[in-house]
Amino acid sequence: MQYSLVFFLSVSLAFAGDFMTQMEYAKMLYENPRGIGCVHCHGPKGEGKVLARFKEKGKEKEIVAPSLHGLSKERFAKGILASKSVMPTYFLTNDEIESLYYFVTNIQNNDKGK
Ligand code: HEC
């Protein structure tokens with residue numbers, strides 16, 4: 001009984017004090033996810049960016065890495081696991097995808113994540 005209380009307390013303390021640690025891990029993964037970093041295409045905060053502009057048959061065209069803000073978790077995961085064109089295919093675990101999602105949903109309001 002006493003042991004489980006001690007265990008419970010240390011676990012809750014670990015989570016309470018760990019906001020930056022979780023964010024730092026998530027940021028690290030975003031920048032270096034065993035493959036080319038998301039940061040290069042989707043920008044440092046997942047805000048998205050234009051990767052290339054070119055002309056095709058006289059028309060201006062763009063290749064855009066979309067913003068990752070405001071996506072549902074399902075859409076986010078699907079986007080990573082089933083990339084359609086320019087984006088590379090990643091082999092990430094569910095936990096890693098959770099962390100990346102954590103990063104893009106928290107970075108917007110948290111300047112410490114810079
Ligand atoms: C080489 C550039 C590039 C890199 C690196 C990249 N992406 Fe993408 N991403 C794109 C482009 C371009 C699209 C648009 C659709 C497509 O090409 O698949 C996209 C689409 C997405 C989508 C779908 C968005 C939607 O609106 O449905 C998600 C989610 C996503 N990327 C997340 C990530 C994450 C997380 C990483 C890092 C693990 C990453 N991307 C790395 C270029 C990139």
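Whatever order the structure lists them in is the order used to number ligands and atoms, beginning at 1. For reference, positions follow the sequence shown, starting with 1.
- Among all protein heavy atoms, the one lying closest to atom 12 (C) of ligand 1 is V64 O, 3.4 Å.
- Between E96 and Y25, some side-chain heavy-atom pair lies under the 4.5 Å cut-off.
- Applying the 4.0 Å criterion to heavy atoms of G37 picks out, from ligand 1, the atoms 5 (C).
- Vertex atom 8 (Fe) of ligand 1, arms ending at NE2 of H42 and SD of M87: the angle is 180° after rounding to 10 degrees.
- Rounding to the nearest 0.5 Å gives a distance of 4.0 Å between CE of M23 and CD1 of I107.
- Not one N or O on the side chain of H69 forms a donor-acceptor pair closer than 3.5 Å with the backbone of G48.
- Of all the listed residues (S99, C41, A82, P66), P66 holds the heavy atom that lies closest to atom 11 (C) of ligand 1.
- Annotation: side chain of F76 is in contact with side chain of V104 (closest heavy-atom distance under 4.5 Å).
- Distance alone, capped at 3.5 Å, is enough to place a donor-acceptor pair between the R34 side chain and the F91 backbone.
- Nearest non-hydrogen protein atom to atom 23 (C) of ligand 1 is G79 CA, 3.7 Å.
- Among all non-hydrogen protein atoms, the one lying nearest atom 18 (O) of ligand 1 is K84 N, 2.8 Å.
- The atoms of ligand 1 that sit less than 4.0 Å from any heavy atom of I80 are 32 (C), 35 (C).
- Heavy atoms of L68 found under 4.0 angstrom from ligand 1 belong exclusively to the side chain.
- Scanning the protein for heavy atoms near atom 38 (C) of ligand 1, the closest one is C38 SG, 2.7 Å.
- Less than 4.0 angstrom separates some heavy atom of R75 from each of these atoms of ligand 1: 25 (C), 26 (O), 27 (O).
- For ligand 1, the atoms sitting less than 4.0 Å from at least one non-hydrogen atom of V86 are 12 (C), 17 (O), numbered in the order shown with element in parentheses.
- Within the 4.5 Å cutoff, side-chain heavy atoms of P66 are placed close to those of H42.
- Using a 4.0 Å cut-off between charged side-chain N and carboxylate O, E74 and K78 make no salt bridge.
- Between S85 and ligand 1, at least one pair of N/O atoms sits closer than 3.5 Å.
- Counting heavy atoms from C-beta on, the side chains of I36 and Y90 come closer than 4.5 Å.
- Atom 41 (C) of ligand 1 has Y90 OH, 3.3 Å as its closest protein atom, hydrogens excluded (heavy atom only).
- For ligand 1, the atoms closer than 4.0 angstrom to any heavy atom of F76 are 29 (C), 35 (C).
- Side-chain contact check for L100 versus L68: every heavy-atom pair is 4.5 Å or farther apart.
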